[in-house]
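Written out below as structure tokens is the structure these notes cover.
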Amino acid sequence: MIDIHHHLLWDQDDGSTSLDLSVEMARMAAEDGITHIACTPHSNGYYMYEPEPIDNKIAELQRLLEQEKIPITLGRGCDFHTSYDNIQQAHITPRRYSLNGGGYLLVEIPDHALPTTLNEVFYQMQLDGLVPILTHPERNLTLQKDMSRVKDWLRSGVLIQVTAGSVTGRMGRTAQRIAHELLAKNWVHFLATDAHNTSSRPPKMREAMNVVAERYSPDYAHLLCVSNPLAAFTDKPMAPQPEMLDLYEEDAPKSWWQRLTGR
Ligand SMILES: [Fe+2]
């Protein structure tokens with residue numbers, strides 16, 4: 001399996017807190033069956049994202065993993081937040097934040113007050129040669145109440161990454177329910193761990209892959225955990241995807257009860 005979203009680097013953000021912990025996280029990932037990890041630190045108002053020192057850390061950790069005989073190939077990406085500064089910088093140097101400097105970019109949007117301009121942000125990224133991968137919409141508090149904007153973004157070519165822990169229920173019942181609504185419609189392109197440590201946010205996705213294989217199909221599980229993330233990691237085109245269901249039908253108007261409960 002290939003993990004394209006992982007806060008593996010130590011003292012870089014709210015992920016790993018030491019080099020030893022980074023090694024342990026990588027070991028745990030390898031034992032779970034993960035072979036490639038994109039180290040994707042946050043880039044937001046709290047955490048600076050500078051490719052060069054990040055690359056140096058990745059090289060240091062890769063050397064250590066080889067010494068420890070932990071069979072993981074590391075790469076670099078970014079947990080890219082849609083701040084004004086990030087958006088401007090990504091327009092000037094589109095591949096600064098992308099997965100291994102290729103064409104795929106993880107994009108995290110705010111939990112509240114989703115700006116209407118996000119549509120244009122995604123469109124501009126595409127004009128700049130990037131394929132945006134929206135991270136864990138099933139955990140977004142606004143989208144949990146209304147997935148219509150995700151539908152718009154999917155129609156325009158944005159891809160979706162769901163957190164492995166959402167599929168298994170680790171991220172709460174609402175995230176789990178929505179993860180499965182997305183999976184049932186073939187609206188998901190990637191599973192990833194979004195790991196931060198070895199306990200509460202562990203670097204594991206085998207269990208989630210098995211759930212997808214059993215509940216949907218082994219082919220879909222393989223696509224989400226192996227082929228699609230490998231394509232993103234190596235900057236290759238993705239294989240043909242299963243047809244996304246209910247994507248071009250108009251939404252039925254919500255009942256008064258759905259409007260009241262936000263469901
Ligand atoms: Fe993340």
Side-chain angles (χ1 to χ4, degrees), residues 1-17 21-22 25-26 28-29 32 34 36-51 54 57-58 61 72 74-83 85-87 90 96-100 104-112 114 118 121 125 130-144 150 153 158-168 170-172 174-176 178-179 182 188-205 208 224-225 228-229 232-233:
M1 295 174 290
I2 289 82
D3 188 7
I4 59 167
H5 186 167
H6 190 137
H7 298 265
L8 181 65
L9 297 181
W10 67 104
D11 297 337
Q12 190 67 42
D13 56 14
D14 58 344
S16 170
T17 50
L21 179 57
S22 298
M25 288 167 75
M28 188 180 263
D32 195 57
I34 291 168
H36 298 65
I37 295 174
C39 304
T40 54
H42 289 287
S43 177
N44 57 24
Y46 299 105
Y47 304 111
M48 290 283 290
Y49 184 90
E50 293 293 341
I54 291 171
K57 275 191 173 178
I58 291 172
L61 182 57
I72 295 269
L74 300 178
R76 173 167 64 81
C78 175
D79 198 342
F80 180 92
H81 294 243
T82 51
S83 66
D85 287 349
N86 274 355
I87 291 165
R96 173 186 168 91
Y97 304 96
S98 61
L99 283 169
N100 290 324
Y104 296 86
L105 175 71
L106 298 185
V107 181
E108 176 160 351
I109 58 176
D111 264 339
H112 298 286
L114 295 184
L118 272 175
V121 168
M125 286 173 175
L130 296 169
V131 178
I133 301 173
L134 176 65
T135 60
H136 46 70
E138 82 284 0
R139 289 165 44 200
N140 183 284
L141 298 178
T142 303
L143 297 178
Q144 283 180 345
V150 170
W153 296 329
V158 173
L159 304 178
I160 300 286
Q161 176 253 299
V162 157
T163 303
S166 300
V167 176
T168 56
R170 185 179 264 278
M171 307 304 291
T174 305
Q176 185 179 29
I178 292 173
L182 297 171
V188 183
H189 303 89
F190 306 93
L191 295 190
T193 67
D194 198 0
H196 282 64
N197 51 50
T198 53
S199 50
S200 59
R201 309 277 301 273
K204 293 183 174 184
M205 52 197 284
L224 268 47
C225 299
N228 285 347
F233 193 92

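All ligand and atom numbering here is 1-based and tracks the order in the structure. From a predicted model like this one, the values you see are computed outputs, not experimental measurements.
Taking 2.8 Å as the threshold, His7 counts as a candidate ligand of the Fe ion (ligand 1), since one of its N, O or S atoms lies below it. Among the atoms of His5, an N, O or S atom falls under 2.8 Å of the Fe ion (ligand 1). Inclusion of Asp194 in the first shell of the Fe ion (ligand 1) is supported: an N, O or S atom falls under 2.8 Å.
Under the 4.5 Å side-chain criterion, counting only non-hydrogen atoms from C-beta, Leu8 is not in contact with Pro203. With contacts defined as side-chain heavy-atom distances shorter than 4.5 Å, the pair Val107/Met125 qualifies.
For His81 and Asn86, the side-chain atoms include no donor-acceptor pair closer than 3.5 Å.
Shortest distance from the Fe ion (ligand 1) to Asp79 is reached at OD2 (N/O/S atoms only).
When each of Lys204, Arg170, Arg201 is checked for a salt bridge (charged side-chain N to carboxylate O under 4.0 Å, His left out) with Asp194, only Arg201 meets the rule.
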